[in-house]
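Throughout, a chain's letter reflects where its sequence line sits, starting with A, and its residues are numbered from 1.
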Amino acid sequence: MENNALAKIFYETAELLALKNENPFKIRAYQKAANNIENLSNNLEEIYKKGGLPALQEIPGIGHDLSLKIEEFIRTGKVRSYKELTHEFPKEIINLINIPGMGPKTALLLNKKLKIDTPAKLEKAARHGLLRNIPGFGIKKEENILRGISLKKRSKGRFRLDEATEYAELIVEKLKKSKGVKKILPCGSLRRGQETIGDLDILITSTDPKPIMDAFTALPFVTNIIVKGETKSSVILKNGMQADLRVVNPKSFGAAAHYFTGCKAHNINIRQLAQKNGWKVSEYGIFKGNKQIGGTTEEEMFSKFGLQFIPPELREMRGEFEAAAKGKLPKLIELSDIKGDLHSHTNATDGSNTILEMAQAAKKLGYEYILISDHSQSTRVARGLSIKQCLQNIKEIHSAGKMISGIKILAGAEVDILPDGKLDYPDEVLKQFDLCICSIHSNFKMPKEKMTARIVKAFQNKYVHIFAHPTGRLIGEREPYAVDMEQVLKAAKKYKIALELNAHPKRLDLTDIYCRRAKELGVKVVISTDSHRTSQLSLMKYGVLTARRGWLEKHDVLNTLPISKLLLRLKDK
DNA sequence: GCCGTTTTCGGCCCGACTGTTTTCAGTCG
């Protein structure tokens with residue numbers, strides 16, 4: 001049973017309860033529970049098997065009632081109360097709520113008055129001017145709804161971290177020159193390093209917001225202005241992404257940065273802590289009565305509550321408050337800790353650069369080593385190397401090594417795990433590599449048990465050291481293959497295989513949640529870029545962000561080690 | 001529906017913006 005399947009049921013329950021005009025706090029309880037379930041690093045079914053209902057109730061936001069629903073879902077695959085709710089409403093009505101500008105109240109009203117229950121019917125009614133006659137509606141609201149529908153149609157949903165980062169940098173570059181801008185900081189899920197970004201949140205401090213708002217909404221790559229107020233504006237960029245700008249007074253910088261970074265549940269928690277102290281927290285600061293007692297710096301947003309500073313990547317309500325209160329937050333890995341890249345391709349297969357060029361680029365980044373790991377023979381699309389070519393390639397890696405100083409070029413390969421779990425080269429070849437990566441490039445559609453067994457079998461080969469992009473997903477393009485990651489992680493521990501966190505922003509595989517589980521189980525991680533050209537070596541930063549989200553520290557990641565220790569660790573079988 | 005070193009009942013984050021409201025509801029983050 002997947003945690004996310006149940007999280008989705010709880011999220012939808014919340015939406016349906018909102019349509020019923022239920023107690024808003026009950027609705028929030030469902031949302032909170034769904035959010036916490038999504039963020040769990042282990043499987044609900046395993047938790048239940050081990051500890052039953054009491055174990056489920058130890059999960060924050062899960063009490064008596066919800067634990068019973070989880071139990072029901074584990075046993076039957078269904079939640080009856082949810083099923084019953086869905087029968088009370090037309091099937092597509094949730095799609096109405098998800099149109100920007102529409103909410104449960106509006107959806108329900110339109111359903112009652114005009115029998116609208118699908119986005120298509122809503123669009124038709126709005127085009128025919130039928131909405132403006134309803135009490136509380138007018139021409140503008142009608143136009144807004146039409147705009148929301150077209151926005152929804154054009155929106156590609158979420159954006160990759162690298163694309164969002166590039167736009168954020170562009171906006172910062174353009175706006176930092178505007179008159180009166182003191183500080184400018186991209187916040188939101190981008191700052192938390194989430195793998196995909198819904199919209200950009202940019203924070204600026206200034207005492208004169210108006211001209212900054214004007215400059216923002218007039219940026220050349222802005223296609224629509226959604227709202228434009230005194231201190232807050234929202235626009236659509238030409239790639240379809242929404243960007244929000246907030247301008248606050250410099251004395252509120254810390255509180256605003258904290259607030260706009262989120263996540264939402266994390267913010268609510270800080271505000272509740274404030275209440276307990278008789279204070280109030282908003283994006284403008286920490287207040288005792290009308291007096292601001294903190295929030296000029298972001299550090300104060302934690303120190304005032306007796307907490308360690310919580311880095312943005314940890315602000316996901318995954319136990320960061322408990323750890324910060326005890327002074328037990330991890331000292332997160334940093335980009336500067338990385339001493340080498342352990343996954344790279346050259347023009348021997350599907351890369352663009354030579355061995356030497358890749359090594360020179362890695363040296364420029366200050367690395368001590370780089371592993372050249374071209375594809376093995378079965379990966380024909382990538383022009384994988386035959387045994388003969390592979391042996392030749394090892395020689396060429398060694399001779400390239402003699403032509404450069406200050407960096408060690410390691411000879412390796414990214415060897416396919418064949419459908420039966422055997423490796424794509426015989427042991428006599430494998431043993432000649434300094435380090436060997438294995439990974440899946442074919443037969444993605446195997447049943448879960450077979451795929452898991454395939455991977456675990458490969459781990460038993462003593463010449464294999466690293467398992468690359470462990471779930472095979474491509475963000476927004478390809479789902480992960482069916483695989484029991486808990487078993488894979490445990491096998492990695494048993495056979496001393498390091499799991500790769502592939503830093504390419506379209507992979508980020510391991511995910512943050514699996515990184516954390518790996519750490520809990522004592523499985524070592526390597527962060528590599530899988531570069532196919534020299535410029536991609538700089539994608540390492542996205543891998544490090546994901547590792548930080550997974551609470552990883554320097555000692556959890558093997559390519560923070562100097563070369564001698566690295567080889568000792570990986571070859572210790 | 002959850003939660004508790006003030007509480008097992010009575011709370012539950014806080015503010016901006018918009019439209020149509022004559023004092024505020026709905027939506028969003």
Side-chain angles (χ1 to χ4, degrees), chain A residues 10 13-15 17-36 56-70 81-82 96-110 131-145 147-148 151 187-189 197-203 209 213 225-235 242-248 252 255-256 258-287 295 301 317:
Chain A
F10 283 175
T13 302
E15 286 183 314
L17 291 174
L19 276 173
K20 282 187 82 166
N21 213 3
E22 263 279 7
N23 175 1
F25 300 107
K26 182 172 170 180
I27 294 166
R28 201 184 294 162
Y30 272 94
Q31 288 168 335
K32 204 171 172 183
N35 189 253
N36 290 344
L56 292 176
Q57 287 171 18
E58 274 175 31
I59 301 167
I62 306 292
H64 175 263
D65 290 24
L66 290 183
S67 69
L68 284 176
K69 289 182 203 291
I70 297 172
S81 57
Y82 163 73
L96 285 182
I97 303 176
N98 291 330
I99 293 168
M102 290 277 293
K105 296 272 160 47
T106 316
L108 200 61
L109 181 67
L110 292 179
L131 306 186
R132 64 185 70 168
N133 302 322
I134 293 171
F137 279 70
I139 292 180
K140 286 216 167 177
K141 224 171 191 174
E142 201 171 74
E143 285 171 351
N144 261 345
I145 285 176
R147 201 169 56 182
L151 215 63
C187 298
S189 49
I197 308 298
D199 48 34
L200 289 180
D201 298 293
I202 310 285
L203 170 66
M213 283 298 153
I225 301 169
I226 302 175
V227 292
K228 185 178 176 187
E230 303 247 317
T231 65
K232 174 182 169 178
S233 293
S234 295
V235 300
Q242 180 173 328
D244 302 336
L245 175 68
R246 286 292 296 259
V247 181
V248 300
S252 296
H258 179 261
Y259 171 62
F260 297 123
T261 298
C263 71
K264 191 174 173 179
H266 174 102
N267 288 342
I268 289 173
N269 198 64
I270 277 280
R271 288 171 181 206
Q272 283 169 339
L273 286 179
Q275 283 183 325
K276 281 179 193 157
N277 289 335
W279 304 337
K280 187 185 70 173
V281 161
S282 72
E283 58 263 54
Y284 300 113
I286 307 171
F287 295 90
M301 299 307 294
M317 276 312 264

Distance between the [atom1] atoms of [N] and [M], in whole angstroms?
N      : M      : atom1 : result
B/dG1  : B/dT5  : C1'   : 24 Å
B/dC17 : B/dC13 : P     : 22 Å
B/dC12 : B/dT7  : C1'   : 13 Å
B/dG26 : B/dT20 : P     : 14 Å
B/dT23 : B/dG29 : P     : 29 Å
B/dC28 : B/dT22 : C1'   : 25 Å
B/dC3  : B/dT8  : C1'   : 9 Å

Margin query: Using modelled atom types and a 3.5 Å cut-off, is there a donor and acceptor pairing between side-chain atoms of A/Glu142 and backbone atoms of A/Arg132?
Written below: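 Side chain of A/Glu142 to backbone of A/Arg132: a pair is present.
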Report the nucleotide, chosen from [options], that has the shortest atom-to-atom distance to any side-chain atom of [X].
X        : options                : result
A/Lys140 : B/dG1, B/dT18, B/dG19  : B/dG19
A/Gln272 : B/dC12, B/dC2, B/dC14  : B/dC12
A/Leu66  : B/dG29, B/dC17, B/dG1  : B/dG1
A/Tyr284 : B/dA16, B/dC13, B/dT18 : B/dA16
A/Lys141 : B/dT20, B/dG1, B/dG29  : B/dT20

Note to self: At less than 3.5 Å, do the side-chain atoms of A/Tyr259 and the base atoms of B/dG15 form a donor-acceptor pair?
What the structure shows: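 Per atom types, no contact qualifies.
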Checklist line | Pair of N/O donor and acceptor under 3.5 Å linking B/dG1 base with A/Asn23 side chain | finding: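 Check passes, donor-acceptor contact within cut-off.
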Sugar-phosphate only, base, or nothing, as touched by [X] at under 4.0 Å among non-hydrogen atoms:
X        : value
A/Ile139 : sugar-phosphate
A/Lys105 : sugar-phosphate
A/Tyr30  : sugar-phosphate
A/Arg28  : base
A/Ile99  : sugar-phosphate
A/Pro100 : sugar-phosphate

Minimum side-chain heavy-atom gap [X]-[Y] below 4.5 Å:
X        : Y        : value
A/His266 : A/His258 : yes
A/Lys141 : A/Leu131 : no
A/Lys105 : A/Asn21  : yes

Identify the pairs formed between an N or O of the protein and an N or O of nucleotides 3-5 of chain B at a distance under 3.5 Å, and give each distance.
| residue | atom | partner | partner atom | Å |
| --- | --- | --- | --- | --- |
| B/dC3 | OP1 | A/Gly61 | N | 2.8 |

With respect to the phosphate group of [N], does any side-chain polar atom (N or O) of [X] fall under 4.0 Å of OP1 or OP2?
X        : N      : result
A/Lys232 : B/dA16 : no
A/Lys280 : B/dG15 : yes
A/Asn144 : B/dG19 : yes
A/Thr231 : B/dC17 : yes
A/Ser234 : B/dC28 : no

Check: Under the side-chain contact (heavy atoms from CB on, under 4.5 Å) criterion, do A/Met102 and A/Leu110 qualify, and how do the steps go?
Finding: CA-CA 10 Å; A/Met102 290 277 293; A/Leu110 292 179; 4.1 Å; yes
Next item on the list: Write down the partner of B/dG11 under the Watson-Crick or G-U wobble criteria, each distance required to be under 3.5 Å.
Entry: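 B/dG11 is paired with B/dC2.
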Euclidean distance, atom [atom1] of residue [X] to atom [atom2] of [N] [Å, nearest integer]:
X        : N      : atom1 : atom2 : value
A/Phe25  : B/dC13 : CZ    : P     : 6 Å
A/Ile97  : B/dG26 : CD1   : P     : 14 Å
A/Lys264 : B/dC12 : NZ    : C1'   : 14 Å
A/Ile226 : B/dA16 : CD1   : C1'   : 14 Å
A/Asn267 : B/dA16 : CG    : P     : 15 Å
A/Asn277 : B/dC13 : CG    : C1'   : 15 Å

Note to self: Go nucleotide by nucleotide along DNA chain B from the 5' end; which of A/Phe260 and A/Phe137 gets its closest nucleotide reached first?
What the structure shows: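 In this pair, the answer is A/Phe137.
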Next item on the list: Would you kindly compare A/Gly101 and A/Gly138 by the position of their nearest DNA chain B nucleotide and give the one closer to the 5′ end?
Entry: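 Result of the comparison: A/Gly138.
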Margin query: Can you tell me whether the base of B/dT5 sits syn or anti, using the 90° cut around 0 to define syn?
Written below: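 Anti conformation here, the glycosidic angle of B/dT5 being more than 90° from 0.
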Next item on the list: Applying side chain to side chain contact (heavy atoms under 4.5 Å, CB included), name anything that partners A/Ser189, two or more places apart in sequence or on another chain.
Entry: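 Counting only residues at least two positions away or on another chain, A/Ser189 forms a side chain to side chain contact (heavy atoms under 4.5 Å, CB included) with A/Arg158, A/Arg192, A/Gln194, A/Ile197.
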Notebook entry, point to check: What residue among A/Val235, A/Asn144, A/Leu151 forms side-chain contact (heavy atoms from CB on, under 4.5 Å) with A/Ile226?
Noted result: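 Output: one option passes, namely A/Leu151.
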